[in-house]
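In this text, all values refer to a predicted model and were calculated from it rather than measured experimentally. For the numbers below, each heavy atom of this structure counts, side chains included, while hydrogens, waters and symmetry mates do not.
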Amino acid sequence: MAVFKNGIFAYDNGKPVTPQSLGISLSGIQTCQQFFTSASISDNTQKYAVYALVGDLETYSIWDKMKAVYPMVGQADVSSSFEINLKDPSTFRGTFYGGWEFTNTGAKPNGSTGYMDTGLVPLNDISNAGNVHMSFYSRTNQASSATVEIGVLDGVSGDSAILAIKSNISGQQSRYDLRLFCLSGNINVAAPTDTLGFACSTKSNSNVVKGFFNNNLLGSITVTNSLPNYKIVISARNISNSVQNFSSKECAFASIGDGLTDTEAANFYTAVQRFQTTLGRQV
């Protein structure tokens, strides 16, 4: 593993390595350094992983599509270290509520009161309801029928954005919920065999939502695009400022941003999985 010195230079097997050699731009380096400062990150492995992640996302032309990126790295047991938005540390800083555990493997809510408020309101902060994505990396296999990994519902208009990963639910329909920035409805598709890994729901300049899990397309659905007027929360669902559907899945990454093509969704999975592997917490 490379060891960074002064947050810039590294050595890997005796050879000098710079963030630029990881494919990261100067502005990307500066953003990473702002992130490290804001999150009080000094761990060299975490720095290396973050630099490489941004470099990969830039290489794949995905970085500019991100609006909020939560890598869920930081100092163990320090919630403020995990709240920072990597894409822009000055915006959409998360706020944790309820019971959480913060470790080297991610952030784990207690399943009854724990959630993170992103501060991002789709109606105000998303420019195009037909060009969006949300993602969540789960390190927990949880079959509960009522949990949501990222969610918001405008109870007045019915506008909704939900990413819910479920599997093996006795007596109920297992599903991967594709209710992504649209009017609510019966829009569930076939679920994965378990809930371990990287989920991404996306619309790319259309009204067709696609659901990917661990680089597999689980299904798609045509919806009516819309934008909720309440804040998106992680590890639960915000229903008109009433937080419900708490999840206890350990979160190792989450994001909100513009929509991704099928190729971009595949590259996004590759970048995030490489990030998790560098940190030794991939599933």
Side-chain angles (χ1 to χ4, degrees), residues 65-70 85 87-88 91-98 109 112-136 144-166 172-173 175-191 199-213 218-247 249 251 254-260 265:
K65 293 192 170 189
M66 297 294 119
K67 184 171 290 290
V69 176
Y70 303 102
N85 171 15
K87 179 57 192 294
D88 181 353
T91 65
F92 304 123
R93 177 170 182 155
T95 303
F96 287 101
Y97 294 94
S112 58
T113 62
Y115 70 97
M116 191 187 86
D117 184 343
T118 67
L120 191 154
V121 178
L123 185 63
N124 299 332
D125 302 314
I126 300 292
S127 59
N128 182 354
N131 185 33
V132 293
H133 88 274
M134 296 195 302
S135 77
F136 185 97
S144 173
S145 63
T147 64
V148 172
E149 279 55 76
I150 306 179
V152 60
L153 170 63
D154 189 324
V156 176
S157 65
D159 301 339
S160 182
I162 306 171
L163 194 161
I165 321 162
K166 312 177 195 300
Q172 299 189 44
Q173 178 188 14
R175 70 183 191 269
Y176 180 106
D177 203 323
L178 297 187
R179 200 172 300 168
L180 181 65
F181 297 94
C182 60
L183 297 177
S184 60
N186 183 19
I187 48 179
N188 302 322
V189 298
C200 180
S201 291
T202 181
K203 289 188 291 189
S204 182
N205 294 310
S206 72
N207 60 350
V208 177
V209 184
K210 292 185 176 182
F212 295 88
F213 190 75
L218 297 182
S220 63
I221 191 76
T222 300
V223 299
T224 301
N225 293 329
S226 61
L227 291 169
N229 193 26
Y230 293 91
K231 293 182 286 187
I232 295 173
V233 302
I234 292 175
S235 296
R237 174 167 58 156
N238 177 15
I239 304 178
S240 300
N241 289 335
S242 174
V243 179
Q244 305 174 29
N245 304 115
F246 296 95
S247 171
K249 294 183 182 71
C251 179
S255 69
I256 305 164
D258 293 345
L260 306 172

Where do [X] and [Y] come nearest, in terms of heavy atoms and distance?
| X | Y | value |
| --- | --- | --- |
| Gly259 | Lys65 | O-NZ, 3.2 Å |
| Gly130 | Asn128 | N-OD1, 2.8 Å |
| Ala254 | Ile150 | CB-CD1, 4.4 Å |
| Ala164 | Lys166 | CB-NZ, 3.7 Å |
| Ala199 | Ile165 | CB-CD1, 3.5 Å |

| field | Pair Leu183-Asp159, side-chain contact (heavy atoms from CB on, under 4.5 Å): steps then yes or no | value | CA-CA 5 Å; Leu183 297 177; Asp159 301 339; 3.0 Å; yes
Just to verify, what does [X] make a side-chain contact (heavy atoms from CB on, under 4.5 Å) with, not counting sequence neighbours?
| X | value |
| --- | --- |
| Pro122 | Leu120, Ile126, Val152, Phe181, Leu227, Pro228, Ile232 |
| Ser127 | none |
| Ser240 | Tyr230 |
| Lys87 | Trp63, Met66, Val69, Asn85 |

| request: Taking His133 for its side chain and Ser201 for its backbone only, find out whether a donor-acceptor pair lies under 3.5 Å. | output: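 A pair under 3.5 Å: no.
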I'd like to check [X] versus [Y] (side-chain heavy atoms, cut-off strictly below 4.5 Å). Are they in contact?
| X | Y | result |
| --- | --- | --- |
| Val223 | Lys203 | yes |
| Leu178 | Leu218 | no |
| Pro109 | Phe96 | no |

| query | Could you go step by step and tell me if Ser157 and Asn229 meet the side-chain contact (heavy atoms from CB on, under 4.5 Å) rule? | reply | CA-CA 9 Å; Ser157 65; Asn229 193 26; over 6 Å; no
| request: Would you mind listing every salt bridge (charged side-chain N to carboxylate O under 4.0 Å, His left out) that reaches into residues 223-237, with sequence neighbours excluded? | output: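 For residues 223-237: Asp117-Lys231.
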| task | For Tyr115, enumerate each residue passing the ring-ring contact (aromatic ring centres under 6.0 Å, His included) test, keeping only those at least two apart in sequence or located in another chain. | result |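 Here the qualifying residues are Tyr97.
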